[in-house]
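Here is the structure we will look at.
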There are 2 protein chains.
Amino acid sequence: MSIDPLDLEAQICFPLHAASRAVTQAYGELLSESGLTYPQYLVMLVLWQAEQPLTVGELGERLRSDSGTLTPVLKRLEGSGRVARRRSTEDERKVLVSATPEGLRLREELKPVPQKLASLTGLGPDELEQLKGLLGRIMESIDLRS
Amino acid sequence: MSIDPLDLEAQICFPLHAASRAVTQAYGELLSESGLTYPQYLVMLVLWQAEQPLTVGELGERLRSDSGTLTPVLKRLEGSGRVARRRSTEDERKVLVSATPEGLRLREELKPVPQKLASLTGLGPDELEQLKGLLGRIMESIDLRS
DNA sequence: CGTCATTCAATTGTGCACAATAGAGTCGTG
DNA sequence: CACGACTCTATTGTGCACAATTGAATGACG
């Protein structure tokens with residue numbers, strides 16, 4: 001009696017999908033007070049680390065996301081005053097995105113988020129590293145295919 | 001010199017989110033010929049295993065999804081002839097969902113999908129089990145919080 | 001029997017993912 | 001300079017996720 005390979009749990013798809021949604025939701029609760037959504041938080045993480053304004057393309061590269069997804073997210077962040085967008089003067093195709101002072105202030109406010117979430121997962125540091133390693137290998141393997 | 005806890009990769013959020021999207025996309029390519037999207041495939045997986053028609057609530061329980069997400073997915077599956085929906089006669093609040101013959105035929109057509117995807121991840125069986133284990137523990141831990 | 005809380009699915013509204021396309025701007029080549 | 005290929009962002013359209021609300025149906029209780 002072998003396991004049905006079409007079983008919902010037998011494939012990697014469902015656990016990965018469900019866990020991702022659950023974690024997104026958990027972040028959402030931690031972020032709700034700041035008014036950020038989870039994908040908006042990811043954008044801010046990148047901007048907080050950047051020394052200079054980034055183009056939409058550079059943001060997309062780091063977040064593995066394209067302009068069709070990023071543009072509306074950036075517009076909402078601009079609307080809530082967390083981000084500034086301006087056309088590059090030297091190449092007017094490019095749009096430079098940077099955190100506003102209000103956006104930078106959020107960085108302090110949200111400092112405890114990573115630790116809170118790590119504890120919510122119920123996994124230890126070693127296990128989190130192991131998980132990140134496995135996910136990273138999947139990303140690599142799928143990327144190679146193209 | 002410690003790692004910045006706000007680094008994009010240092011938190012579990014981004015690797016999990018990105019890997020989930022990448023795997024969803026990979027399934028999408030494997031499923032494109034059948035005309036199913038990835039969430040529609042998840043619904044079919046559950047229906048293929050069910051001996052009887054399931055209510056929307058039962059589907060949502062297995063897929064950890066609510067009617068706001070499921071109803072439009074089911075309507076599209078109904079529109080493409082893969083699924084039948086009818087009100088229960090004994091409790092008219094319930095909608096019973098079942099696979100049509102065409103929906104059952106897809107099961108045969110899509111049998112090679114799990115194996116193909118497993119190989120796309122580049123992980124061995126042991127590692128996939130390990131990954132599912134870690135993801136399962138996260139789900140449990142987050143569920144307990146409620 | 002009538003009332004009321006509960007159970008269900010559907011609907012509404014907001015936001016994200018992504019493919020395809022459009023359209024402005026840039027650059028190399030002749 | 002003129003032309004064509006390329007780069008880059010924005011837009012459009014489809015589909016999913018999820019919170020909140022609606023409204024019908026059920027069932028328990030007095």
Side-chain angles (χ1 to χ4, degrees), chain A residues 13-14 16-29 31-32 35-43 53-61 63-80 83 85-97 142 146, chain B residues 13-14 16-29 31-32 35-43 53-61 63-80 83 85-97 142 146:
Chain A
C13 62
F14 180 66
L16 186 54
H17 189 59
S20 175
R21 283 186 293 136
V23 168
T24 295
Q25 210 163 349
Y27 270 101
E29 292 169 21
L31 295 172
S32 63
L36 288 182
T37 66
Y38 171 77
Q40 290 170 10
Y41 173 67
L42 293 180
V43 168
L54 297 176
T55 68
V56 175
E58 289 167 336
L59 268 172
E61 193 178 345
L63 295 170
R64 296 174 174 278
S65 193
D66 70 359
S67 67
T69 299
L70 283 177
T71 295
V73 172
L74 293 173
K75 282 186 173 174
R76 281 185 282 268
L77 281 172
E78 186 181 36
S80 59
V83 146
R85 296 192 309 153
R86 59 182 174 80
R87 290 268 165 196
S88 165
T89 51
E90 59 202 23
D91 184 344
E92 296 210 341
R93 293 169 305 177
K94 299 181 180 175
V95 169
L96 295 172
V97 182
I142 290 184
S146 62
Chain B
C13 62
F14 180 67
L16 186 54
H17 189 61
S20 175
R21 283 186 295 137
V23 168
T24 295
Q25 211 163 350
Y27 269 102
E29 292 170 20
L31 296 172
S32 63
L36 288 182
T37 66
Y38 171 76
Q40 289 170 11
Y41 173 67
L42 293 180
V43 169
L54 298 176
T55 67
V56 174
E58 288 166 337
L59 267 172
E61 193 179 345
L63 295 169
R64 297 172 174 279
S65 192
D66 70 359
S67 67
T69 299
L70 283 177
T71 295
V73 173
L74 293 174
K75 283 185 174 175
R76 281 185 282 268
L77 282 172
E78 186 181 35
S80 59
V83 144
R85 296 193 309 153
R86 60 182 174 77
R87 290 270 165 196
S88 166
T89 50
E90 59 202 24
D91 184 343
E92 296 210 341
R93 293 169 303 178
K94 299 182 180 175
V95 169
L96 295 171
V97 183
I142 290 184
S146 62

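Chain letters run A, B, ... following the sequence lines, proteins first and then strands; every chain starts at 1. In what follows, every heavy atom counts, from backbone to side chain, and hydrogens, waters and symmetry copies are set aside.
Residues passing the side-chain hydrogen bond (donor to acceptor under 3.5 Å, both in side chains) test with A:Arg86: none are found, sequence neighbours excluded. For A:Arg87, there are no side-chain hydrogen bond (donor to acceptor under 3.5 Å, both in side chains) partners two or more places apart in sequence or in a different chain.
Closest to the side chain of B:Val95, out of C:dA9, C:dG15, D:dT9, is C:dA9. Taking only side-chain atoms of A:Val56, from C-beta outward, the nucleotide of C:dG15, D:dA17, D:dT9 with the closest atom is D:dT9. Taking every side-chain heavy atom of A:Asp66 into account, C:dC18 is the closest of D:dA19, C:dC18, D:dG15. The side chain of B:Arg21 lies closest to C:dC18, out of D:dA17, C:dA10, C:dC18.
In this pair, A:His17 and B:Tyr38 present their aromatic rings perpendicular. The plane angle is above 60°, beyond the 30 to 60° band.
Distance CD (A:Glu61) to C1' (D:dT9): 15 Å, rounded to an integer number of Å. As a whole-Å value, the separation of B:Leu96 CG from C:dA10 C1' is 16 Å. With rounding to whole Å, A:Leu36 atom CG is found 19 Å from C:dT14 atom P. Distance, A:Leu70 CG to C:dA19 P: 14 Å, rounded to whole Å. Atoms CG (A:Leu54) and C1' (D:dT9) sit 15 Å apart, rounded to a whole Å. Distance CG (A:Leu31) to P (D:dC18): 15 Å, rounded to an integer number of Å. For A:Leu42 and C:dG15, the CG to P distance is 17 Å, given to the nearest whole Å. A straight line from CG of B:Leu74 to P of D:dA17 spans 12 Å, rounded to a whole angstrom.
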What protein N or O atoms touch nucleotides 23-29 of chain D N or O atoms at under 3.5 angstrom, if any, and at what distances?
residue	atom	partner	partner atom	Å
D:dT26	OP1	B:Glu92	N	3.4

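B:Thr55 comes within 4.0 angstrom of sugar-phosphate atoms only, judged by non-hydrogen atoms across all strands, and of no base. Nucleic acid contact for A:Thr37: sugar-phosphate only, since backbone atoms but no base atoms lie under 4.0 Å from a heavy atom of the residue. Residue-level contact check: A:Ser67 touches the bases, meaning some heavy atom is under 4.0 Å from a base atom. Here B:Gly68 lies in heavy-atom contact (under 4.0 Å) with a base.
B:Leu31 approaches B:Thr37 most closely through the heavy-atom pair CD1-O, 3.8 Å.
At a cut-off of 3.5 angstrom, counting only N and O atoms as typed in the model, there is no donor on one side facing an acceptor on the other between the side-chain of A:Thr71 and the base of D:dA10.
Positionally, the nearest nucleotide of DNA chain D for A:Pro72 lies more toward the 5' end than for the other of A:Pro72 and A:Thr24.
Proximity of A:Leu74 to A:Leu59: side-chain heavy atoms (C-beta onward) are separated by under 4.5 Å at one or more points.
The side chain of A:Lys75 contributes no N or O atom lying less than 4.0 Å from OP1 or OP2 of D:dT9. For B:Gln25 and C:dC18, the shortest distance from a side-chain N or O to OP1 or OP2 is below 4.0 Å. Side-chain N/O atoms of B:Arg86 include none lying less than 4.0 angstrom from OP1 or OP2 on C:dA9.
Put simply, the side chain of A:Ser80 gets close to the backbone of A:Leu77: a donor and an acceptor are under 3.5 Å apart. Formation of a donor-acceptor pair under 3.5 Å by the B:Arg21 side chain with backbone atoms of A:Arg64 is found in this model. Checked by atom type and distance alone, the side chain of B:Ser20 never pairs as donor or acceptor with a backbone atom of B:Leu16 at under 3.5 Å.
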